[in-house]
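Below, chain A is the first sequence line, B the second, and so on; all start at residue 1.
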Amino acid sequence: MSQFQLHDSQRRTTVPFVPLDPEHVRVYYCGPTVYDVPHIGNLRAMLTADILIRLLRRLYPRVTFVRNITDVDDKITARAAANGEDIGSLTARTTAEFHAGLAAMNMTPPDIEPRATHNIGEMQAMIARLIKQGHAYEAEGHVLFSVASFASYGALSGRDPDELVAGARVEVAPYKRDPGDFVLWKPSTPEMPGWVSPWGRGRPGWHIECSAMAHRYLGESFDIHGGGSDLLFPHHENERAQSLCCFPGGKFANYWLHNAMLLVEGEKMSKSLGNFYTLSDVLDKGPVEALRLLLMSAQYRSVLNFTWAGLEESRRTLDRFYRALETAGAVDVSGRGVPQAFLEALCDDLNTPKAIAEMHVLATAALAGDREAAADLKVAGGMIGLLTQEPEVWFRGGADAGGPGEAEIAALIAERLAARKAKDFARADEIRAQLTDQGVVLEDGAGGTTWRRA
RNA sequence: GGUCCGGUGGCAGAAUGGUGAUGCAGCGGACUGCAAAUCCGCGUACGUGGGUUCGAUUCCCGCCCGGACCUCCA
């Protein structure tokens, strides 16, 4: 078995991955706050999780993948109000869109997908325990976590708590004992979502939900906790503080994984700037598989610059891979192992660009007639959720493909063949040009004329 | 301002203390009535200034530039 090594954010280095229990690897990922449709930045994070889980499943007998849905949050409340929509309706709709989008992207679904609103009791129990243990305090209807009570606060994100306070630009609420203290529970006005609690009707702070759900489904210690690098501080730092203080006997996450952000045409993409692309924006311009490949074209810890030219290049790369599979014809891949060089690339901290380069090596061999290489290519692609279609479907499109129908194309090809036999090349070229204009490329091969949609 | 990450050929993007992947694009050729696809061949890179070393793109330091986080964000 290839040695899997992973970059751990806390240790700030790449280390061999050693599971707490080799028979059962446990992973927690921060999922979406469901107030809007998924955008390509969300998708990059979700895809990083997907590749991680696919690899772990290849290496270990059992993997539990937990990814939450945050369905109570002030952004949700605000959006629902802005839409004049019921909160439950908004979260149900956006959750469904999220699921549909990830399914379209061929992403591995989580084994458990807990919702914050279904775990309020777990959160309240943790908060009560933190208060009892002296790590949290009540103030003006809020419950706050006391940063000063946790000696290693800042260790995950590499921040010095004292400097944090000095440089803090946050507006410090007067009831905080320490500017770095963060909310575990906060009071709700009657029109806001709220739950009865020992501290009054209120709602949870952002960070406690993940601590509570991770504990409930994975226990006090688990293997990997992941999310976007923007979550490193304060979200993950705070989760860690809460969980370790609540359960001092556990170690919470053993490895922390953070994917880098996405740029769009060289610029930062963010909801607040409003320059983000949703999945459907992308699908208007290219096949979903091309987006999937594009998001894997940079290693997850590198900033990825999303461009339309990049999407097109990814589509052409898939053309090449599918061409290689088409050239080989039907190959038997049942029981076939994952190609070693490809697997080793993934085992090296999920080095997807290198893995894709190995697929190119296989494609080159397959194009030269090596059917074993074609089978390897198919298996490698399948492992990372690519090359799942038949080449014919990729090139010619399914029943819903636009442009001229198959019968029409066949008739034109027949007419062109007759013209060529009669040396009427003007008419033959006219037909080719006509089809090219309609997005259909003709290819004259030894076995006759074939076609594909450009 | 603080903390952290990164700067590789026209583009994307890996590895590496000593012949620098892979793909796209470009150029030349083969094949084709013309194309497409494929095949063969070619070219081009290590932000910058020092240091360590027999030798640095690779290690160390300064500088410049870009990005992330510090505030809702994947």
Exercise for the section: Under the ring pair (Phe, Tyr, Trp, His ring centres under 6.0 Å) rule, collect the residues that match up with A/Trp451, sequence neighbours excluded. Expected result: none

Handout entry: Partners meeting ring pair (Phe, Tyr, Trp, His ring centres under 6.0 Å) with A/Tyr175 (sequence neighbours left out)
Key = A/His142

Exercise for the section: Run through A/Asp424, A/Asp429, A/Asp444 and flag the one making a salt bridge (charged side-chain N to carboxylate O under 4.0 Å, His left out) with A/Arg416. Expected result: A/Asp444

Completion exercise
For residues 346-359 of chain A, the salt bridge (charged side-chain N to carboxylate O under 4.0 Å, His left out) pairs (sequence neighbours left out) are A/Arg301-A/Asp349

Practice task
Considering only NZ, NE, NH1 and NH2 on the basic side and carboxylate oxygens on the acidic side, decide whether A/Glu326 and A/Arg452 come within less than 4.0 Å.
Solution key: no

Exercise for the section: Scan A/Leu232 against the nucleic acid and name what it touches under 4.0 Å (heavy atoms): base, sugar-phosphate only, or nothing. Expected result: nothing

Handout entry: Sole residue of A/Asn68, A/Asp73, A/Asp71, A/Ile69 in side chain to side chain contact (heavy atoms under 4.5 Å, CB included) with A/Thr33
Key = A/Asp73

Fill in the blank from the handout: Sequence neighbours excluded, the answer for ring pair (Phe, Tyr, Trp, His ring centres under 6.0 Å) partners of A/Tyr300 is none

Practice task
Using a heavy-atom cut-off of under 4.0 Å over every strand shown, decide if A/Ala45 touches base, sugar-phosphate, or nothing.
Solution key: sugar-phosphate

Exercise for the section: Describe the nucleic acid contact of A/Gly41 in one word from base, sugar-phosphate, nothing, applying a heavy-atom distance below 4.0 Å. Expected result: base

Problem - Worked verdict on A/Glu239 versus A/Tyr28 for side chain to side chain donor-acceptor pair (under 3.5 Å) - result: CA-CA 12 Å; A/Glu239 277 186 48; A/Tyr28 186 90; over 6 Å; no

Exercise for the section: Would you indicate which nucleotide in B/A74, B/C69, B/C73 comes nearest to any side-chain atom of A/Lys75? Expected result: B/C73

With 3.5 Å as the limit, what N/O pairs link the protein to nucleotides 40-46 of chain B?
none

Exercise for the section: Under the side chain to side chain contact (heavy atoms under 4.5 Å, CB included) rule, collect the residues that match up with A/Gln438, sequence neighbours excluded. Expected result: A/Pro404, A/Glu408, A/Gln434, A/Leu435

Exercise for the section: Would you please name every residue forming a ring pair (Phe, Tyr, Trp, His ring centres under 6.0 Å) with A/Phe342, sequence neighbours left out? Expected result: none

Practice task
Check every strand shown and say whether A/Leu43 touches a base, only sugar-phosphate, or nothing at a heavy-atom separation below 4.0 Å.
Solution key: nothing

Grab the N/O contacts between the protein and nucleotides 34-36 of chain B below 3.5 Å, and write none if there aren't any.
{"from": "B/C34", "atom 1": "O2", "to": "A/Asp429", "atom 2": "OD1", "distance (Å)": "3.4"}
{"from": "B/C34", "atom 1": "O2", "to": "A/Arg432", "atom 2": "NE", "distance (Å)": "3.4"}
{"from": "B/C34", "atom 1": "N3", "to": "A/Arg432", "atom 2": "NH2", "distance (Å)": "2.8"}
{"from": "B/C34", "atom 1": "N4", "to": "A/Arg432", "atom 2": "NH2", "distance (Å)": "3.1"}
{"from": "B/C34", "atom 1": "N4", "to": "A/Asp444", "atom 2": "OD2", "distance (Å)": "2.4"}
{"from": "B/A35", "atom 1": "N6", "to": "A/Asp444", "atom 2": "O", "distance (Å)": "3.0"}
{"from": "B/A35", "atom 1": "N1", "to": "A/Asp444", "atom 2": "N", "distance (Å)": "2.7"}
{"from": "B/A35", "atom 1": "N3", "to": "A/Arg432", "atom 2": "NH1", "distance (Å)": "3.0"}
{"from": "B/A35", "atom 1": "N3", "to": "A/Arg432", "atom 2": "NH2", "distance (Å)": "2.9"}
{"from": "B/A36", "atom 1": "O2'", "to": "A/Glu443", "atom 2": "OE2", "distance (Å)": "2.9"}
{"from": "B/A36", "atom 1": "O2'", "to": "A/Arg452", "atom 2": "NH2", "distance (Å)": "3.1"}

Sort me out a list of protein N/O and nucleotides 7-15 of chain B N/O pairs below 3.5 Å, or just none if empty.
{"from": "B/A14", "atom 1": "OP1", "to": "A/Gln299", "atom 2": "N", "distance (Å)": "2.9"}
{"from": "B/A14", "atom 1": "O3'", "to": "A/Asn351", "atom 2": "ND2", "distance (Å)": "3.2"}

Handout entry: 5' priority, RNA chain B, between A/Phe425 and A/Arg12 [closest heavy atom]
Key = A/Arg12

Completion exercise
Each base of RNA chain B marked ( ) or [ ] if paired in-strand (Watson-Crick or G-U under 3.5 Å), | if paired to another strand and . if unpaired gives (((((((..(((.....[...))).(((((.......)))))....(((((..]....))))))))))))....

Handout entry: side chain to side chain contact (heavy atoms under 4.5 Å, CB included) involving A/Thr77 - partner list, sequence neighbours excluded
Key = A/Ile87, A/Pro193

Handout entry: Residues within residues 83-94 of chain A bordering RNA chain B, heavy-atom distance below 4.0 Å
Key = none

